[in-house]
Amino acid sequence: MMTTNIDQLTEQYPLVKELIELKEIAWFNPSITNLEEGLPYVGLGAENIQDASERLKRFAPYLAKAFPETAKTGGIIESEVVSISAMQDVIEREYSTKIQGRLLLKKDSHLPISGSIKARGGIYEVLTHAEKLAMEAGLLTESDDYSKLFNEEFRDFFKQFSVAVGSTGNLGMSIGIMSAKLGFSVSVHMSADAREWKKNKLRSHGVNVVEYEQDYGVAVAQGRKEAENDPTCFFIDDENSQTLFLGYSVAGERLKKQFDEKGILVDAQHPLFVYLPCGVGGGPGGVAFGLKMAFGDNVHCIFSEPTHSPCMVLGVHTGLHDEISVQDIGIDNITAADGLAVGRASGFVGRAMERLLDGYFTVTDERMYRLLGQLSESEDIQLEPSALAGMVGPVVVTNDGDYRKRMQFDDTIMSKATHLVWATGGGMVPEAEMSSYLEKSGL
Ligand SMILES: *Cc1c(COP(=O)(O)O)cnc(C)c1O
């Protein structure tokens, strides 16, 4: 984007001025449509999710062997949904706002293997690639028991190939650990904000960690470049990958099953609000797509970003998508929420999903830290800062009278609502690191 256009941009979009001032904003998109109208723009459908779901089932026997912590769920990587009513009380008091309906937490923070939402998309894309290579070589067919992949012969086969990815940390963890386990030689290109312990953990799994002094965008670009020079190297493209997106989307049908088991009803009289922390957009976008396909128009997905990295709301609100970065409008993209430190949104997610996403809001790092401490005190659940980005979502929705009026969410309906905060990471944060997070909460 031409830098001279900032004045014009803020004139046309006053919200951009507030973003530049690092204010906490909320924007509920008036141009959303129903699923039927919005779906064609996604370019993917139920059959693609089904395909991903079946692939994950084929790999389940392998995962149960390769990662014994997944054996109790039969090799299916899934997280719990828990009620956080004590936290609901804390939020109501802190924000002097009654949250109608119930507050739940989706603990992707505690997903096995990599302890974040990236255990969905990242692992799925590595498995998809491995399956393709093994099938092309005539070593595997769909009807095989995939636990046979847990074997030196297969590791030797995959050793001929490499995998590369650029990451702020968690995607690198998922892709690095999964690729190394299969036998691939794998390079993770880490942005400056990536935590030291994540790099060390990866090195302990035999992953080649390449460090950068710059942000996520540069790490991804370098990873892409390196892979281009090596025909055996597969680059996982967090900014554009539909495979990653589909890996995340399987969460929709899984959540629906969990809700059915718990007797949680979602329909027009019982809306479901889901609050998703957003970085480049693939994780929350893919999950939102899966949720829409599972719950239809009765689920309302709302993205949350740090005030210092509001790339998705900037891209969608201005219609410029990946043609504008937060740096273009003078924002530094420096945040403690490392999974969310992304300056430029995915080129595909915003365009594909904007009609199906109810809204967006931003939060300060300070607020994420405080919520982190409050959740730890009230529920004894410890998360990384990024994972708290969605926690004020119910307050944002409750206080936005225009949005609720437009959507006809009156008190009767809101009193039967379910608010689901998607906790995206934190389960593997070392104790010392967690203590320093808790200290920063100021509680
Ligand atoms: C990656 C990540 C997100 C957001 O996912 P994107 O695909 O980057 O939008 C949210 N929270 C955590 C902890 C993450 O690691």
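Just follow the structure's listing: the first ligand is 1, and inside any ligand the first atom is 1. Index from 1, following the sequence. Computed from a predicted structure; not experimentally measured.
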Requested in this report: May I ask you to test the M353-V42 pair for a side-chain heavy-atom distance under 4.5 Å?
Outcome: yes

Requested in this report: Using distance alone, determine whether N170 and ligand 1 share an N or O pair under 3.5 Å.
Outcome: yes

Report task. Could you establish whether V342 and ligand 1 come within less than 4.0 Å of each other, counting only heavy atoms on the residue side? Result -> no

Report task. Could you name each residue pair satisfying salt bridge (Lys or Arg N to Asp or Glu O under 4.0 Å) that touches residues 371-380, not counting sequence neighbours? Result -> none

Report task. Could you list which atoms of ligand 1 come closer than 4.0 Å to a heavy atom of G282? Result -> 7 (O), 9 (O)

Query raised in the report: Relative to atom 5 (O) of ligand 1, which among G390, P284, G281, S114 owns the nearest non-hydrogen atom?
Result: P284

Report task. List the steps, then state whether side-chain contact (heavy atoms from CB on, under 4.5 Å) holds for Y13 with L320. Result -> CA-CA 12 Å; Y13 304 105; L320 292 170; over 6 Å; no

**Report entry** Atoms of ligand 1, numbered as shown, that sit under 4.0 Å from any heavy atom of S386
**Finding:** 11 (N), 13 (C)

Query - Residue portion contacting ligand 1 (non-hydrogen atoms closer than 4.0 Å) for L171 - result: neither

Query raised in the report: By number and element, which atoms of ligand 1 are closer than 4.0 Å to a non-hydrogen atom of G283?
Result: 6 (P), 7 (O)

Query raised in the report: Does the N or O separation between P277 and ligand 1 drop below 3.5 Å for any pair?
Result: no

Query raised in the report: Quick check: are there more than 12 heavy atoms from other residues, nucleotides or ligands sitting under 6.0 Å from CD of E94?
Result: yes

Requested in this report: Among R195, R203, K198, find the one that has a salt bridge (charged side-chain N to carboxylate O under 4.0 Å, His left out) with E211.
Outcome: R203

Report summary line: Of T168, L388, L340, the one whose closest heavy atom lies nearest atom 10 (C) of ligand 1 is L340

Query raised in the report: Is there a side-chain contact between Q222 and E226 (heavy atoms, below 4.5 Å)?
Result: no

Query raised in the report: Do D238 and Y216 meet the criterion of a side-chain donor-acceptor pair at a distance under 3.5 Å?
Result: yes

Report task. Would you check whether T424 has a nitrogen or oxygen atom less than 3.5 angstrom from a nitrogen or oxygen atom of ligand 1? Result -> yes

Query raised in the report: Considering distance alone, does some N or O of C278 sit under 3.5 Å from an N or O of ligand 1?
Result: no

Query raised in the report: E131: what forms a salt bridge (Lys or Arg N to Asp or Glu O under 4.0 Å) with it, not counting sequence neighbours?
Result: R55, R58

Query raised in the report: Counting both backbone and side chain atoms, is some N or O of G279 under 3.5 Å from an N or O of ligand 1?
Result: yes

**Report entry** For K118, the ligand 1 atoms whose distance to one of its heavy atoms is below 4.0 Å
**Finding:** 1 (C), 2 (C), 3 (C), 5 (O), 14 (C), 15 (O)

Query - Matching residue for V266 among N298, D260, L291 - test: side chain to side chain contact (heavy atoms under 4.5 Å, CB included) - result: N298

Report task. Starting from atom 8 (O) of ligand 1, locate the nearest protein heavy atom and write down its residue, its atom name and how far away it is, to 0.1 Å. Result -> V280 N, 3.0 Å

